[in-house]
Amino acid sequence: MRIVLVGPPGAGKGTQAHLLAKTLSIPHISTGDLFRANISQGTPLGLEAKAYMDAGKLVPDEITIGMAKDRMTQPDAAKGFLLDGFPRNLGQAKALDEILADAGIALDGVLDLEVPEEEVVKRIAGRRLCRNNGSHVFHVDYNPPAQDGVCDECGGELYQRTDDTEEAVRVRLEEYHSKTEPIIGYYADQGLLVTIPALGRVSEVTERAIEALRR
Ligand code: ADP
């Protein structure tokens with residue numbers, strides 16, 4: 001299966017992508033995680049991306065598209081993948097179409113996670129990530145780890161993202177409305193869009209997603 005996940009920041013894309021990828025046995029490809037890995041390794045790409053990310057802005061397409069393509073063409077992604085955070089604007093959606101067409105493959109579906117804006121802000125403010133693995137995601141109230149500051153899955157240290165500040169979140173939401181939302185119409189026109197409400201328990205949302213994708 002080849003799936004794209006869309007939704008506002010804080011919709012739970014990372015959490016759901018981790019669970020969906022496991023269930024469907026396909027790799028979870030998150031451009032946000034790839035950028036964060038580059039930043040923590042101090043690569044030139046990471047240095048360039050960091051300023052945009054901390055400000056809540058999209059990283060320029062010239063950097064993002066090449067990085068996403070490199071990851072998508074790795075052997076583990078040959079039979080399918082779940083894209084989380086890519087594409088994030090129409091230019092990237094068109095670039096993805098070209099990458100897929102060149103490889104003679106196509107998307108099976110685009111899953112849109114719908115969440116009200118007040119909820120998004122609450123989710124982001126309490127979000128904590130694991131230093132070892134970006135898809136181990138917790139929330140201080142909604143999904144607290146058994147031990148404060150420690151990842152339940154691997155024992156890694158939990159931290160708050162530098163772009164999870166109020167100011168950066170405001171910019172991220174603006175970027176989402178102006179640049180990412182248009183791809184929802186783009187995929188709806190192609191008959192690929194599947195929209196589900198992303199409220200409720202994490203496991204309920206995963207079940208809803210699997211059911212919607214199988215239809
Ligand atoms: P969220 O969806 O919660 O905002 P992500 O981890 O997916 O978080 O992305 C964090 C940041 O990484 C974005 O705000 C943006 O700066 C950058 N980023 C991730 N994916 C892309 C992309 N496809 N294009 C441009 N920038 C991106």
Side-chain angles (χ1 to χ4, degrees), residues 1-33 36 77 79-88 107-156 158-161 163-164 169 172-173 176-177 180-181 183-188 190-215:
M1 261 195 155
R2 296 184 181 88
I3 304 163
V4 166
L5 202 55
V6 292
K13 290 192 299 293
T15 302
Q16 292 303 329
H18 179 56
L19 296 167
L20 287 170
K22 245 196 226 171
T23 309
L24 301 169
S25 303
I26 48 178
H28 167 203
I29 301 182
S30 157
T31 41
D33 286 351
R36 282 184 287 277
K79 294 224 171 69
F81 48 70
L82 198 162
L83 291 178
D84 160 15
F86 182 84
R88 238 180 169 98
L107 291 176
D108 295 298
V110 174
L111 183 69
D112 173 27
L113 300 182
E114 241 180 12
V115 188
E117 197 142 317
E118 341 53 277
E119 179 65 16
V120 154
V121 174
K122 274 191 242 161
R123 287 185 181 184
I124 293 178
R127 168 157 73 182
R128 298 293 181 270
L129 298 189
C130 174
R131 291 234 183 253
N132 294 341
N133 184 332
S135 46
H136 299 165
V137 187
F138 299 85
H139 188 285
V140 290
D141 302 315
Y142 303 155
N143 177 28
Q147 194 187 335
D148 247 12
V150 181
C151 177
D152 286 353
E153 294 198 47
C154 70
L158 299 183
Y159 76 104
Q160 184 164 26
R161 269 168 49 173
D163 62 344
D164 278 353
V169 169
R172 279 158 63 197
L173 283 168
Y176 181 75
H177 292 311
T180 309
E181 265 177 359
I183 73 172
I184 293 176
Y186 179 79
Y187 286 126
Q190 297 180 30
L192 287 172
L193 191 72
V194 181
T195 301
I196 62 160
L199 286 177
R201 283 205 321 275
V202 168
S203 59
E204 282 168 2
V205 178
T206 312
E207 278 161 31
R208 223 176 272 153
I210 298 273
E211 200 183 306
L213 286 169
R214 292 219 164 112
R215 254 186 255 135

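Computed from a predicted model, the values in this text were never measured in an experiment. Heavy atoms only: backbone and side chains are in, while hydrogens, waters and symmetry mates are out.
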Chemist: Search all heavy atoms of Cys130 against all heavy atoms of Gly156 and return the closest pair with its distance.
Modeler: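 Heavy atoms only, the tightest pair is SG-CA, 4.0 Å.
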Chemist: Indicate yes or no: at least one non-hydrogen side-chain atom of Cys154 is less than 4.5 angstrom from one of His136.
Modeler: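 Heavy-atom side-chain distance check passes, below 4.5 Å.
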Chemist: Check whether any side-chain heavy atom of Phe138 lies under 4.5 Å from a side-chain heavy atom of Pro144, and answer yes or no.
Modeler: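 No, every pair of side-chain atoms sits at 4.5 Å or beyond.
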Chemist: Between Thr23 and Ile210, is a side-chain contact (heavy atoms from CB on, under 4.5 Å) present by the stated rule, with each step listed?
Modeler: CA-CA 9 Å; Thr23 309; Ile210 298 273; 3.6 Å; yes
Chemist: Could you tell me the separation between the CG atom of Leu158 and the CD atom of Gln147, rounded to the nearest 0.5 Å?
Modeler: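 Atom-to-atom, Leu158:CG and Gln147:CD are 9.5 Å apart.
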Chemist: Taking side chain as C-beta onward, heavy atoms only, is Pro8 less than 4.5 Å from Glu117?
Modeler: no
Chemist: Output yes when a side-chain donor or acceptor of Thr206 lies under 3.5 Å from a complementary backbone atom of Val202, and no otherwise.
Modeler: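 Yes, because the side chain of Thr206 sits within donor-acceptor range (under 3.5 Å) of the backbone of Val202.
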Chemist: Can you name the closest pair of heavy atoms from Ile29 and Ala77 and give their distance?
Modeler: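 Shortest heavy-atom separation between Ile29 and Ala77 comes out as CD1-CB, 4.3 Å.
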Chemist: Treating Glu204 as the side-chain partner and Arg201 as the backbone partner, does any N or O pair qualify as donor plus acceptor under 3.5 Å?
Modeler: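 Pair found, side chain donor or acceptor close to backbone of Arg201.
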Chemist: With rounding to the nearest 0.5 Å, note down the distance linking CG in Leu213 to CG in Leu5.
Modeler: 9.0 Å
Chemist: On the ring face of Tyr159, is Arg128 found with NZ or CZ under 6.0 Å from the centre and within 45° of the axis?
Modeler: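 Judged by the rule (NZ or CZ under 6.0 Å from the ring centre, within 45° of its axis), Arg128 is not positioned above Tyr159.
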Chemist: Between atom SG of Cys151 and atom CG of Asn133, what is the distance when rounded to the nearest 0.5 Å?
Modeler: 7.5 Å
Chemist: Once you round to the nearest 0.5 Å, how far does NZ of Lys13 lie from CG of Leu20?
Modeler: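 So the gap between those two atoms works out to 13.0 Å.
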Chemist: Quick check: closest heavy atoms across Pro116 and Leu199, and the distance to 0.1 Å?
Modeler: CD-CD1, 3.9 Å
Chemist: Does the side chain of Ile3 come within less than 4.5 Å of Leu107's, by heavy atoms?
Modeler: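 Leu107 does not reach Ile3 side chain to side chain.
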Chemist: Does Arg215 use its side chain to pair, donor to acceptor, with the backbone of Ala212 at less than 3.5 Å?
Modeler: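 No, because the side chain of Arg215 does not come within donor-acceptor range (under 3.5 Å) of the backbone of Ala212.
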Chemist: Do you know which of Ile26, Leu111, Val4 makes side chain to side chain contact (heavy atoms under 4.5 Å, CB included) with Leu82?
Modeler: Ile26
Chemist: With a 4.5 Å heavy-atom cut-off, do Asp84 and Ser135 have their side chains touching?
Modeler: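 Result no, sub-4.5 Å side-chain heavy-atom pair not found.
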Chemist: Determine the minimum heavy-atom distance between Met1 and Asp108, stating which atoms define it.
Modeler: CA-OD2, 3.2 Å
Chemist: Could you check if a side-chain atom of Val120 sits within less than 4.5 angstrom of a side-chain atom of Leu173, using non-hydrogen atoms only?
Modeler: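 The answer is yes; the side chains approach within 4.5 Å.
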Chemist: When you measure from the side chain of Thr15 to the backbone of Val137, do you find a donor-acceptor pair of N or O atoms at a distance under 3.5 Å?
Modeler: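 Not a single qualifying donor-acceptor pair exists.
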Chemist: Rounded to the nearest 0.5 Å, what separates atom OG1 in Thr195 from atom OH in Tyr187?
Modeler: 13.5 Å
Chemist: Gln160 vs Arg127, test: side-chain contact (heavy atoms from CB on, under 4.5 Å). Steps then yes/no.
Modeler: CA-CA 7 Å; Gln160 184 164 26; Arg127 168 157 73 182; over 6 Å; no
Chemist: Roughly how far, to the nearest 0.5 Å, is the CG atom of Asp141 from the CZ atom of Arg123?
Modeler: 12.5 Å
Chemist: Quick one, Arg36 with Arg131, criterion side-chain contact (heavy atoms from CB on, under 4.5 Å). Give me CA distance, side-chain angles, the key distance, then yes/no.
Modeler: CA-CA 10 Å; Arg36 282 184 287 277; Arg131 291 234 183 253; over 6 Å; no
Chemist: Go through it in stages, so that I can follow the logic: the residues are Glu114 and Ile196, the test is side-chain contact (heavy atoms from CB on, under 4.5 Å), and I'd like the CA-CA distance, side-chain angles, deciding distance and then a yes or no.
Modeler: CA-CA 6 Å; Glu114 241 180 12; Ile196 62 160; over 6 Å; no
Chemist: Using atom types as modelled and distance alone, determine if a side-chain donor or acceptor of Gln16 lies under 3.5 Å from a backbone N or O of Ala11.
Modeler: no
Chemist: Are the side chain of Asp152 and the backbone of Ala146 linked by a donor-acceptor contact shorter than 3.5 Å?
Modeler: yes
Chemist: Could you check whether any side-chain heavy atom of Asp164 comes within less than 4.5 Å of a side-chain heavy atom of Arg172, counting everything from C-beta outward?
Modeler: yes
Chemist: Do Asp33 and His28 come close enough that some side-chain heavy atom pair is under 4.5 Å?
Modeler: yes
Chemist: I'd like to know if Glu118 and Lys122 make a salt bridge, using a cut-off of under 4.0 Å between side-chain N and carboxylate O.
Modeler: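 Salt bridge flag = no for Lys122 with Glu118.
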